[in-house]
> 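Questions regarding the structure given below will be posed in turn.
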Amino acid sequence: MRRLHIFALAFSAVLGLFVGGWAYSAPQSFYDSFPGVLGSWVSVDGRFNEHLIRDVGAMYLALAAAGIGGLLWRNQAVFRVLGIAWTVFGTLHFLYHALHLEHMTLESAIGEMVALGVSLLLGVLLLIPERRERERLAA
């Protein structure tokens, strides 16, 4: 299970660096083109707000930084705390977008839901205890 935790942590950190770095450093480009090859998911949902996009970028970068810390300190408490953070964020983010798909093409809506579902799944994976801990809790 530890490998799964490390994979989830590494992938979520890369995700956070990609989304956060783009949103924070180039908010207009992020607004106009995110996620890039899959269409544009942000600009179809309201007018440009640089402050909001930079704040979202900063939040993703903070999650990425915590994930990098987790990769360095690798223990169950770190995995769980990061799992909680990514799962809460991922659930709320997924629900908002799931309820606001009317302005998107079918392809973009599917792409967005899959991407947000993967992000949420990464958080959930970090919440799964290692086998030794599950056995200890069951005893």
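Only this structure's heavy atoms are used, side chains among them; waters, hydrogens and symmetry mates stay out.
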> Give me the atom names and distance for the closest heavy-atom approach of Gly57 to Ala23.
CA-CB, 3.6 Å
> Closest approach of Ala13 and Ala64, non-hydrogen atoms and distance?
O-CB, 3.5 Å
> In Å, rounded to the nearest 0.5 Å, how long is the span from CE of Met104 to NE2 of His97?
8.0 Å
> Looking at NE2 of His5 and CG of Leu71, how far apart are the two atoms once the value is rounded to the nearest 0.5 Å?
12.5 Å
> Hey, is the main chain of Leu9 close enough, under 3.5 Å, to the side chain of Ser12 for a donor-acceptor pair?
yes
> Look at the aromatic rings of Trp86 and Phe89 and report parallel, tilted or perpendicular, splitting at 30° and 60°.
perpendicular
> Verify the cluster assignment for Met113 and Leu95: are they in a single hydrophobic cluster under the rule of side-chain heavy atoms below 4.5 Å apart?
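No, Met113 and Leu95 fall in different hydrophobic clusters.
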> Using modelled atom types and a 3.5 Å cut-off, is there a donor and acceptor pairing between side-chain atoms of Arg74 and backbone atoms of Arg2?
no
> Can you tell me how far apart CZ (Phe79) and CD1 (Ile84) are? Round to the nearest 0.5 Å.
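So the gap between those two atoms works out to 14.0 Å.
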> Roughly how far, to the nearest 0.5 Å, is OG of Ser40 from CG of Asp45?
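Between Asp45 CG and Ser40 OG, I get 10.5 Å after rounding to 0.5 Å.
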> Please determine whether residues Leu92 and Leu99 belong to a single hydrophobic cluster, defined as Ile, Leu, Val, Met, Phe, Trp and Tyr linked transitively by side-chain heavy-atom distances below 4.5 Å.
no
> Do Leu125 and Ile128 come close enough that some side-chain heavy atom pair is under 4.5 Å?
yes
> Measure across His93 and Tyr60 and return the closest heavy-atom pair with its distance rounded to 0.1 Å.
CE1-OH, 3.3 Å
> Look at atom CZ of Phe18 and say whether more than 12 heavy atoms of other residues, nucleotides or ligands are closer to it than 6.0 Å.
yes
> So, taking the atom named CZ in Phe94 and the one named CG in Leu121, what distance separates them when rounded to the nearest 0.5 Å?
11.0 Å
> Rounded to the nearest 0.5 Å, how far does OG1 of Thr87 lie from CG of Leu82?
10.0 Å
> Cut-off 3.5 Å, side chains only: do Ser29 and Trp22 have a donor facing an acceptor?
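Looking only at side-chain atoms, Trp22 and Ser29 do form a donor-acceptor pair, the distance falling under 3.5 Å.
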> If you group Ile, Leu, Val, Met, Phe, Trp and Tyr by side-chain heavy-atom gaps below 4.5 Å, do Leu127 and Ile6 land in one group?
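They do not share one cluster, since no chain of ILVMFWY contacts under 4.5 Å joins Leu127 to Ile6.
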> Are Pro129 and Arg80 close enough that some pair of their side-chain heavy atoms sits under 4.5 Å apart?
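When only atoms from C-beta onward are counted, Arg80 and Pro129 do touch, with a gap below 4.5 Å.
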> Quick one: do Tyr24 and Ile68 end up in the same hydrophobic cluster if we chain Ile, Leu, Val, Met, Phe, Trp and Tyr together by side-chain heavy atoms under 4.5 Å apart?
yes
> Do you reckon Leu120 sits in the same ILVMFWY cluster as Phe34, going by side-chain contacts under 4.5 Å, direct or chained?
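No; tracing contacts between hydrophobic side chains, which count when under 4.5 Å, never links both residues.
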